[in-house]
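Here is the structure we will look at, set down as structure tokens.
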Amino acid sequence: MRVWTIILCCIICIGCNNASPEPGSTQPLVQNVLILTKTNGFRHTSIEAGTAMFLNNATAWNISPVVVTGTNAFVGNSLDAYDVIVLLNTTGDIFNAEEQSVLQQFVRRGGGILAIHAATDAEYDWPWYGQMLGAWFDNHPAIQLATCKVPVSSHPAVANLPQLWQRTDEWYNFKQLQPDNHTLITVDESSYTGGTHGASHPMSWYRYFDGGRVFYTAMGHTEEAYSEPLFKEHIKGALQWLAQ
């Protein structure tokens with residue numbers, strides 16, 4: 001009888017060790033991330049590099065990513081399974097009326113949006129979308145080297161970035177920039193040609209909108225961007241902020 005009692009106790013202990021973290025545990029929860037790559041306009045060749053970045057860093061970033069090329073998941077309550085939606089270089093008119101409503105419901109229940117580069121080049125006929133992201137794409141000069149400035153260091157998305165960050169990308173100019181964007185990174189227009197915003201040209205910002213959290217970075221045009229250590233730190237930090 002004593003032997004069976006010892007065996008039973010061991011089984012119980014093993015089960016306890018494999019159990020889910022108790023409420024209040026310091027172990028971070030895994031974020032369920034839906035990565036949308038649908039385009040009805042220009043399609044960036046860097047999309048595949050971007051999806052690979054999320055998939056290859058899933059464990060390190062504590063995320064469970066699902067990549068989709070269409071919007072079939074935007075129906076009913078299906079987005080309830082996700083914590084963050086990534087709009088990875090999405091372009092053009094990509095959502096029908098029902099899908100727009102589902103995305104709005106996701107944001108309004110507190111969901112997070114991580115929008116990358118060309119995500120602002122979409123849904124021009126849907127005012128809510130542009131307000132959510134904080135701007136729309138207007139135009140861009142040629143791809144070139146420029147210097148970014150990181151005046152804020154307390155946000156997770158920039159905590160590991162240098163104050164001056166030189167890199168090559170396609171530097172967007174915007175229209176309908178929202179005044180309540182919280183800018184984290186600007187690009188120095190004196191370091192390249194083609195900027196139209198003057199001394200304060202935003203490149204990355206975060207915002208609180210309609211009950212949810214939204215993070216946008218205009219960087220991410222090139223395939224090489226998604227293997228840059230500092231760019232990956234930028235995206236990792238954005239995900240961390242969206243999880244708060």
Side-chain angles (χ1 to χ4, degrees), residues 35 37 39 41-57 60-61 86-92 114-122 130 133-178 181-207 214-241:
I35 302 168
T37 65
T39 55
F42 181 82
R43 186 168 183 86
H44 285 69
T45 58
S46 61
I47 286 177
E48 286 69 28
T51 57
M53 177 190 69
F54 284 100
L55 295 173
N56 293 339
N57 291 280
W61 294 358
V86 178
L87 303 173
L88 178 57
N89 279 326
T90 46
T91 59
L114 172 53
I116 297 177
H117 192 56
T120 50
D121 186 21
L133 293 190
W136 266 306
F137 163 77
D138 189 13
N139 57 63
H140 65 78
I143 298 169
Q144 57 195 294
L145 180 69
T147 300
C148 291
K149 295 181 178 180
V150 187
V152 179
S153 61
S154 57
H155 193 281
V158 294
N160 295 316
L161 301 183
Q163 288 186 325
L164 295 178
W165 182 18
Q166 280 197 325
R167 58 185 309 279
T168 298
D169 215 310
E170 186 178 67
W171 305 106
Y172 274 8
N173 297 312
F174 300 99
K175 57 187 177 182
Q176 298 186 36
L177 276 163
Q178 299 299 302
N181 292 341
H182 298 274
T183 300
L184 294 173
I185 299 175
T186 61
V187 61
D188 183 354
E189 290 192 355
S190 69
S191 67
Y192 75 105
T193 59
T196 63
H197 293 283
S200 183
H201 186 150
M203 274 293 113
S204 295
W205 60 77
Y206 69 93
R207 56 192 281 103
V214 180
F215 190 96
Y216 174 72
T217 182
M219 297 178 283
H221 174 82
T222 68
E223 295 178 34
E224 292 78 10
Y226 298 94
S227 60
E228 290 179 32
L230 290 178
F231 183 77
K232 290 192 289 184
E233 283 293 321
H234 183 46
I235 298 300
K236 176 185 177 183
L239 288 167
Q240 290 173 346
W241 176 74

Checklist entry - Mind checking what makes salt bridge (Lys or Arg N to Asp or Glu O under 4.0 Å) contact with Arg43, not counting sequence neighbours? => result none
Of all the heavy-atom pairs spanning [X] and [Y], show the shortest one and how long it is.
{"X": "Ile235", "Y": "Ile116", "result": "CD1-CD1, 4.1 Å"}
{"X": "Ile47", "Y": "Leu88", "result": "O-CD2, 3.7 Å"}
{"X": "Ala119", "Y": "Ala122", "result": "O-CB, 3.7 Å"}
{"X": "Leu239", "Y": "Trp61", "result": "CD1-CE3, 3.6 Å"}
{"X": "Phe174", "Y": "Met203", "result": "CE1-CE, 4.2 Å"}
{"X": "Trp171", "Y": "Pro141", "result": "O-CD, 3.1 Å"}

Mind checking whether [X] and [Y] have side chains closer than 4.5 Å, heavy atoms only?
{"X": "Leu114", "Y": "Phe54", "value": "yes"}
{"X": "Trp165", "Y": "Ile185", "value": "yes"}
{"X": "Asn181", "Y": "Pro202", "value": "no"}
{"X": "Leu184", "Y": "Phe215", "value": "yes"}
{"X": "Asp138", "Y": "Thr196", "value": "no"}

Checklist entry - Counting only heavy atoms not in Gln144, do more than 12 sit closer than 6.0 Å to its CD atom? => result yes
Is the closest side-chain donor-acceptor distance between [X] and [Y] under 3.5 Å?
{"X": "Thr120", "Y": "Tyr172", "answer": "no"}
{"X": "Ser190", "Y": "Asp188", "answer": "yes"}
{"X": "Asn139", "Y": "Asn173", "answer": "yes"}

Show me the donor-acceptor pairs, under 3.5 Å and distance only, between side chains in residues 146-155 and residues at least two apart or in other chains.
from, atom 1, to, atom 2, distance (Å)
Thr147, OG1, Gln166, NE2, 3.4
His155, ND1, Ala157, N, 3.0

What pairs with [X] under side-chain contact (heavy atoms from CB on, under 4.5 Å), at least two apart in sequence or on another chain?
{"X": "Ser46", "value": "His44, Asn89, Glu223, Tyr226"}
{"X": "Thr168", "value": "Ile143, Leu145"}
{"X": "Ala159", "value": "none"}

Results of side-chain hydrogen bond (donor to acceptor under 3.5 Å, both in side chains) for [X] - residues two or more places apart only:
{"X": "Ser204", "answer": "Thr217, His234"}
{"X": "Asn56", "answer": "none"}
{"X": "Glu48", "answer": "none"}
{"X": "His201", "answer": "Glu189, Tyr192"}

Checklist entry - Quick one: CG on Leu133 to CH2 on Trp205, what's the gap to the nearest 0.5 Å? => result 8.0 Å
Checklist outcome for this item: Applied to residues 225-239, the salt bridge (Lys or Arg N to Asp or Glu O under 4.0 Å) test, sequence neighbours excluded, yields Arg167-Glu228
Checklist entry - How far apart are the C-alpha atoms of Asp169 and His117, what are their side-chain angles, what is the distance that settles it, and do they pass the side-chain contact (heavy atoms from CB on, under 4.5 Å) test? => result CA-CA 10 Å; Asp169 215 310; His117 192 56; 4.3 Å; yes
